Amino acid sequence: MSGTPADGADAAPAADAPAQDAPVDAAWQRLDRRTVLVASLLMGGIAVSGGVPAFVALVVPFGAVTALAWVLGGAALFVLGSAALEYLRWRHTRYRIGPERAELHTGLLLVKRRSLRRERIRTVDLTAHPLLRLLGLVKVRIGTGEHSAGGADSILEITPVTRQEGDRLRRELLERAALQDGGENVDGRLAALDPRWIRYAPVSFTAPLLGLGAGGAVMQGSEWFGLQTEVIQWVGGLFDGVAVLWMILTLAVALLLAGAVGALGLFVEMWWGYRLDREPGGTLRVQRGLFTSRSISLEERRLRGVEVLEPLGVRLAGAARVDAVATGLAETETDQKTDRKTLLPAAPREFADTVAARVLREPVSPTSAVRLRAHPVAARGRRLRWALGSVGGAALVLVVLGVLLTRVLVWVGAGLAAVLLPVAALLAVDAYRSLGHGLTGKYLVVRSGSMRRATVALRRDGVIGLTVKQSVFQRRSGLVTVTATTAAGSGAYSAYDAGQTEGLEFAAEAVAGLLGPFLERGPDSPP
């Protein structure tokens, strides 16, 4: 059980851990022994999901009794073998949290000894899928907040331990680290789930993607069971005598409705029970999840700002979400694609600004406190040319192919131009109107995007570099792009196509003394 000293507590410490960093009074702990039960049940579920189609495939040539015997025998071997391997993992895995290091030893023949210095630990996240939750267990993920290839050197995963042990590890590792830095002992609830926010799920980009996925899953599943032709014929029978265009539109609406239902379910699963708290020691903690619970912690000392995101559908509904701009959130390539940085799901825009202000300990959020400077009209022209050129080029290619191959492509190209050219123009104008930059207090603020508008408030003391770029086409229009480089978030945030004078002034004022000498000397001056 978690919290019970393991055998071999006097084993040699990790290669990179000096002996004095792991004193003998730091007792080795084992994982919870119910890990064998968890593995057996999970593998049992996999065996059932794989055994049913295997039985269907074997019952015709071999008969029901023989097919059932083969399937049950294979499933039993699979489950028992997995349980045996998990028992060996449990038997030879141990961890301990010493005054200087967190250590994890695992393996039978090839023993892995890994450790992290406690002053480098920045994240302790707890997750539990439904089976772990049912048994009161969690997976503990300890990270340094440093990105490395594969993340193997910056993360320790201890799974499973009891919920109480996971909470103890999180408090001990994070609060101690925060208090060492003199963090304020302030706690409180910053935000909690409002069930009305679920109405923003169907208008997100997730809905159409889930709809397409549902359609693809139906076609793939019917192919597995040899029923794809029957499904296509059934759909064709439903639209017998209906024009092809109306059939396509009806199927598209059906897929969108299926995607909207899926988006609602996904939102509930991910964000049910959501709450954002500031804990003693200066730690922000996000807790959420209906079936799979998640607890994600972020030290405020790593926070460099916030990003208010407004995907097009969500923005039209008057909502936005808030992400943290912080160092060390993406420790692996997988982390870069997850939502570990999201502090608030899609919620009313005013409330999103309120939460951003609470997170930054500001009376008003920098994302709404300053009136951003508009960009020159030339920036609108550039976006119109990009949008119309892209759609027009694609339509022209179809028309040319239609002239050479079949006249159908000519009509497809013409229809594409007629429908998408106005849409592209509207999006280009909207993208121009979204451009802006400004300074407020200790933050610089930049905004851009149409399909996914992002307003970033970045602390000036978190900027480690400024880059001013000007392409040949920008030079002709008198525009520049100013990029602030930081060790947090995506690493760079840009004010696109700002006026040359305004852009240089913005860069010079954003971080005093960083770009000034270059501007005073001028680009043509000798070094």
Side-chain angles (χ1 to χ4, degrees), residues 2-3 6 13-18 21-23 26-32 35 89-90 92-107 111-129 132 137-181 183 279-287 289 292-302 324 326-336 338 340-341:
S2 177
D16 63 337
D21 286 349
W28 287 100
Q29 311 291 323
R30 273 191 181 159
L31 306 177
D32 193 284
T35 181
R89 186 185 79 89
W90 170 80
H92 297 279
T93 299
R94 51 209 172 92
Y95 68 94
R96 65 179 175 185
I97 308 299
E100 301 294 334
R101 287 184 177 269
E103 299 180 79
L104 176 66
H105 291 185
T106 186
V111 180
K112 296 181 180 179
R113 298 180 175 91
R114 298 181 48 237
S115 67
L116 300 177
R117 296 193 66 88
R118 289 189 59 169
E119 66 267 20
R120 293 174 53 201
I121 292 174
R122 296 292 178 265
T123 61
V124 182
D125 299 335
L126 311 181
T127 58
H129 53 70
L132 289 180
L137 305 174
V138 295
K139 177 176 74 173
V140 181
R141 188 175 186 271
I142 304 172
T144 63
E146 299 173 355
H147 179 73
S148 62
D153 297 329
S154 60
I155 297 174
L156 296 181
E157 286 194 353
I158 304 174
T159 178
V161 296
T162 63
R163 166 67 70 173
Q164 294 78 9
E165 173 69 359
D167 287 334
R168 183 191 71 81
L169 292 174
R170 190 187 66 83
R171 288 194 303 269
E172 181 179 353
L173 292 172
L174 285 185
E175 291 184 10
R176 180 176 183 272
L179 292 175
Q180 283 180 339
D181 287 349
E279 297 187 326
T283 298
L284 297 173
R285 185 185 187 188
V286 177
Q287 300 178 77
T292 299
S293 65
R294 302 167 181 87
S295 172
I296 301 171
S297 300
L298 168 65
E299 289 179 299
E300 286 188 271
R301 61 177 179 175
R302 294 166 42 220
T327 59
L329 282 179
E331 295 160 337
T332 66
E333 295 297 329
T334 302
D335 290 338
Q336 296 176 351
T338 63
R340 296 182 66 235
K341 62 184 178 181

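The basis for the numbers below is simple: all heavy atoms, side chains too, and nothing from hydrogens, waters or symmetry mates. Small disclaimer: the values here were computed from a predicted structure and weren't measured.
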Just to verify, what does Thr127 make a side-chain contact (heavy atoms from CB on, under 4.5 Å) with, not counting sequence neighbours?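 Thr127 satisfies side-chain contact (heavy atoms from CB on, under 4.5 Å) with Lys139, Arg294 only.
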Out of curiosity, [X] [atom1] to [Y] [atom2], how far, rounded to the nearest 0.5 Å?
X      : Y      : atom1 : atom2 : result
Gln29  : Leu169 : CD    : CG    : 8.5 Å
Leu116 : Ile142 : CG    : CD1   : 7.0 Å
Ile121 : Arg101 : CD1   : CZ    : 10.0 Å

Sub-3.5 Å donor-acceptor pair from the side chain of [X] to the main-chain atoms of [Y], do we have one?
X      : Y      : value
Arg302 : Thr327 : yes
Trp90  : Leu31  : yes
Arg114 : Ile155 : yes
Thr93  : Arg89  : yes
Glu119 : Arg117 : no

Run the side chain to side chain donor-acceptor pair (under 3.5 Å) test against Thr159 and tell me which residues pass, sequence neighbours left out.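 Scan of Thr159 (side chain to side chain donor-acceptor pair (under 3.5 Å), adjacent residues dropped) gives none.
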For Glu157, what residues pass the side chain to side chain donor-acceptor pair (under 3.5 Å) criterion, not counting sequence neighbours?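 For Glu157 there are no side chain to side chain donor-acceptor pair (under 3.5 Å) partners, ignoring immediate neighbours.
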Heavy-atom side-chain contact between [X] and [Y] under 4.5 Å:
X      : Y      : value
Asp32  : Leu137 : yes
Arg170 : Ser295 : yes
Thr106 : Tyr95  : no

My understanding is that only residues two or more places apart in sequence, or in another chain, count here; which of them pass salt bridge (Lys or Arg N to Asp or Glu O under 4.0 Å) with Arg168?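 For Arg168, the residues satisfying salt bridge (Lys or Arg N to Asp or Glu O under 4.0 Å) (neighbours in sequence not counted) are Glu165, Glu172.
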Might you work through the side-chain contact (heavy atoms from CB on, under 4.5 Å) test for Val138 and Val161, ending with a clear yes or no? CA-CA 6 Å; Val138 295; Val161 296; 4.0 Å; yes
Would you call Arg118 and Glu103 a salt bridge, taking side-chain N to carboxylate O under 4.0 Å as the test?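 No salt bridge links Arg118 with Glu103.
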Where is the tightest heavy-atom contact between Arg163 and Leu126, given as atom of each residue plus distance?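 Where Arg163 meets Leu126 most closely, the heavy atoms are NH1-CD1, 3.9 Å.
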List the atom of Ile97, the atom of Ala102, and the distance in Å for their closest heavy-atom pair.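 Looking at all heavy atoms of both residues, the closest pair is CD1-CB, 3.6 Å.
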Can Leu284 and Glu279 be said to form a side-chain contact (heavy atoms from CB on, under 4.5 Å), step by step? CA-CA 6 Å; Leu284 297 173; Glu279 297 187 326; over 6 Å; no
Go through the side-chain N and O atoms of Arg285 and Ser297 and say whether any donor and acceptor fall under 3.5 Å apart.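 Distance-only check fails for Arg285 and Ser297.
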